[in-house]
Each structure stands twice: as C-alpha cells, then as structure tokens.
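Notes to accompany the following structure.
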Amino acid sequence: GLRGSRPEEALPVFQAQLALWRRNWPDDENSILIVQTNLSSCLDDLGRREEAIDLKVDIYRRREATLGASHNTTILNGNNLVLSLLKLELWDEATTFQRDQLLPAARQSLGADHDLMLKIYQNLAVALRDNPKRTRGDPRWNQDSRGVSRPAFDFNTGDDVLEAETIMQD
C-alpha cells in the first residue's frame with residue numbers, strides 16, 4: 001500500500017482520514033484507533049519514532065480501557081509499542097513494559113504456543129540481549145556451562161531463574 005511504498009505521501013492521507021473520522025464519527029472508537037494505528041506506523045516508517053511512540057502509548061491505553069488488557073487487539077497494540085521502543089533502543093522501557101504488562105496479559109489469554117506470544121518472547125529476548133547496560137554480572141543473565149549468556153528469565157512463568165550452580169554455591 002501507500003504507507004509501505006511512499007510513507008511521506010501516506011502521512012497526510014492518514015492525518016486527513018483521522019480528522020474525518022473524528023469529525024463525522026466521533027463515537028466510533030475502534031475505527032479511530034485503527035486509523036491512529038496506521039498513522040503511528042507511518043510516523044515510524046518516516047523515522048519520527050518519538051511521535052509514533054506517543055501515539056502508540058495512547059492507542060494501547062485506550063485499547064486497554066475499552067477492550068481489556070488481555071484482548072488480542074490490546075496485546076497486538078502493546079507489541080507494536082514494544083517494537084518502536086526497541087527501534088529507539090529504549091531497552092529498559094521495553095523490558096519493563098513487556099514483563100509487567102504485556103506478558104501477564106498475553107499469558108492469561110493467548111497460551112504459550114500462540115504466534116503473538118512467541119513474538120513477545122522474542123522481543124523480550126532482544127531487549128535483554130541488546131541492552132548495553134547488561135554486563136556479565138547482570139542478575140538478569142546467566143552463563144551456562146559453555147560460557148554462553150542467556151536470560152535469567154523463565155518465559156513460561158515470567159519468573160526470574162536461579163541457576164542450579166548459583167544455588168549450590170550458597
């Protein structure tokens with residue numbers, strides 16, 4: 001579509017579409033949020049990531065208020081927000097949001113094998129792995145017997161994991 005191939009031309013279209021929906025159908029929250037989602041993605045495509053994040057936070061909060069935290073659409077909008085946070089290398093914000101809000105809601109409604117749940121796990125792993133503040137001694141990471149660092153986080157339960165070696169040393 002226009003957004004993917006020519007986002008600079010798509011932006012004014014989405015802005016006009018949003019103004020139209022707000023003026024003519026102000027009570028159609030779902031349609032307005034869909035247009036805002038397209039607009040935020042377009043802003044992201046144009047590199048206007050801070051604006052995109054502000055809009056994605058608003059979309060997520062409104063979806064959470066209208067549909068509930070565990071609704072598929074709310075979780076999908078939350079995942080979109082995480083992707084934008086990762087693009088701006090806001091590792092801590094992405095990690096905190098996923099662990100505290102997105103994962104508990106997704107676990108409640110999606111199940112461990114759901115495609116969106118797997119994407120959330122992948123994004124959390126990226127945020128933990130790519131965070132430059134992470135050090136070898138970071139308690140969120142453990143090294144296995146081969147010296148490979150991996151998250152000290154159980155994706156199934158959301159709990160921090162203590163390695164058997166650590167427990168045995170105590």
Side-chain angles (χ1 to χ4, degrees), residues 3-5 7-8 10-11 14 33 36-64 69-170:
R3 190 197 106 222
S5 62
E8 62 284 339
L11 183 62
F14 289 132
L33 289 172
Q36 285 183 308
T37 299
N38 290 332
L39 178 60
S40 70
S41 295
C42 188
L43 289 167
D44 221 357
D45 293 343
L46 290 168
R48 295 168 57 178
R49 294 201 166 85
E50 291 86 1
E51 293 172 79
I53 286 176
D54 290 343
L55 192 51
K56 288 177 183 187
V57 166
D58 183 52
I59 293 165
Y60 176 79
R61 287 183 180 151
R62 288 171 48 206
R63 287 288 189 199
E64 188 178 36
S70 296
H71 192 278
N72 243 8
T73 304
T74 306
I75 295 167
L76 182 61
N77 286 130
N79 193 58
N80 290 341
L81 171 58
V82 167
L83 292 172
S84 290
L85 292 169
L86 293 175
K87 286 177 187 175
L88 279 177
E89 300 181 357
L90 297 170
W91 314 116
D92 293 335
E93 292 85 344
T95 301
T96 300
F97 176 69
Q98 288 179 97
R99 286 177 113 176
D100 295 350
Q101 294 182 44
L102 210 51
L103 271 172
R107 269 193 212 100
Q108 181 180 347
S109 63
L110 298 179
D113 294 343
H114 192 279
D115 186 50
L116 183 53
M117 189 71 176
L118 297 173
K119 288 177 184 176
I120 294 168
Y121 287 149
Q122 180 183 13
N123 292 335
L124 179 58
V126 167
L128 292 170
R129 181 198 67 205
D130 291 351
N131 189 340
K133 293 184 210 170
R134 177 183 56 84
T135 64
R136 290 184 94 166
D138 191 325
R140 295 175 298 177
W141 285 77
N142 292 325
Q143 282 194 336
D144 65 17
S145 58
R146 298 178 313 262
V148 176
S149 292
R150 60 182 179 76
F153 181 73
D154 184 331
F155 288 109
N156 294 316
T157 65
D159 296 329
D160 289 326
V161 177
L162 292 175
E163 287 296 305
E165 296 170 271
T166 306
I167 295 170
M168 292 171 62
Q169 290 175 357
D170 291 340

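Values below: all heavy atoms of this structure, side chains included; hydrogens, waters and symmetry mates excluded.
Ser109 pairs by the side chain to side chain donor-acceptor pair (under 3.5 Å) definition with nothing, not counting sequence neighbours. Qualifying side-chain contact (heavy atoms from CB on, under 4.5 Å) partners for Asp58, counting only residues two or more places apart in sequence or in other chains: Gln36, Arg62. Every residue two or more places apart in sequence or in another chain that forms a side-chain contact (heavy atoms from CB on, under 4.5 Å) with Arg63 is listed here: Asn30, Leu33, Ile34, Ile59, Leu67, Thr73, Thr74, Asn77. Under the side chain to side chain donor-acceptor pair (under 3.5 Å) criterion, Asn79 pairs with Asn123, sequence neighbours left out. Residues satisfying the side-chain contact (heavy atoms from CB on, under 4.5 Å) criterion with Glu93, sequence neighbours excluded, are Leu85, Leu90. Under the salt bridge (Lys or Arg N to Asp or Glu O under 4.0 Å) criterion, Asp113 pairs with no residue at all, not counting sequence neighbours. Scanning for side chain to side chain donor-acceptor pair (under 3.5 Å) contacts around Glu89 gives an empty result, with sequence neighbours left out. Every residue meeting the salt bridge (Lys or Arg N to Asp or Glu O under 4.0 Å) condition with Glu51, not counting sequence neighbours, appears here in chain and number order: Arg48.
Listed here is the closest heavy atom pair of Phe14 and Asn38: CE2-CB, 3.6 Å. Between His114 and Leu110 the shortest heavy-atom distance is CB-O, 3.6 Å. Contact record, Pro7 with Cys42: O-SG, 3.2 Å, taken as the closest heavy-atom pair. Contact between Gln98 and Pro104 at its shortest, heavy atoms only, is O-CD, 4.0 Å. Among all heavy-atom pairs drawn from Ile75 and Ala69, the shortest one is CG1-O, 3.6 Å.
Residue pairs that meet the salt bridge (charged side-chain N to carboxylate O under 4.0 Å, His left out) test with at least one member in residues 114-125, sequence neighbours left out, are Asp115-Lys119. For residues 70-83, there are no salt bridge (charged side-chain N to carboxylate O under 4.0 Å, His left out) pairs, not counting sequence neighbours.
Of the inter-residue distances, the one linking Thr95 atom OG1 with Lys133 atom NZ reads 10.0 Å to the nearest 0.5 angstrom.
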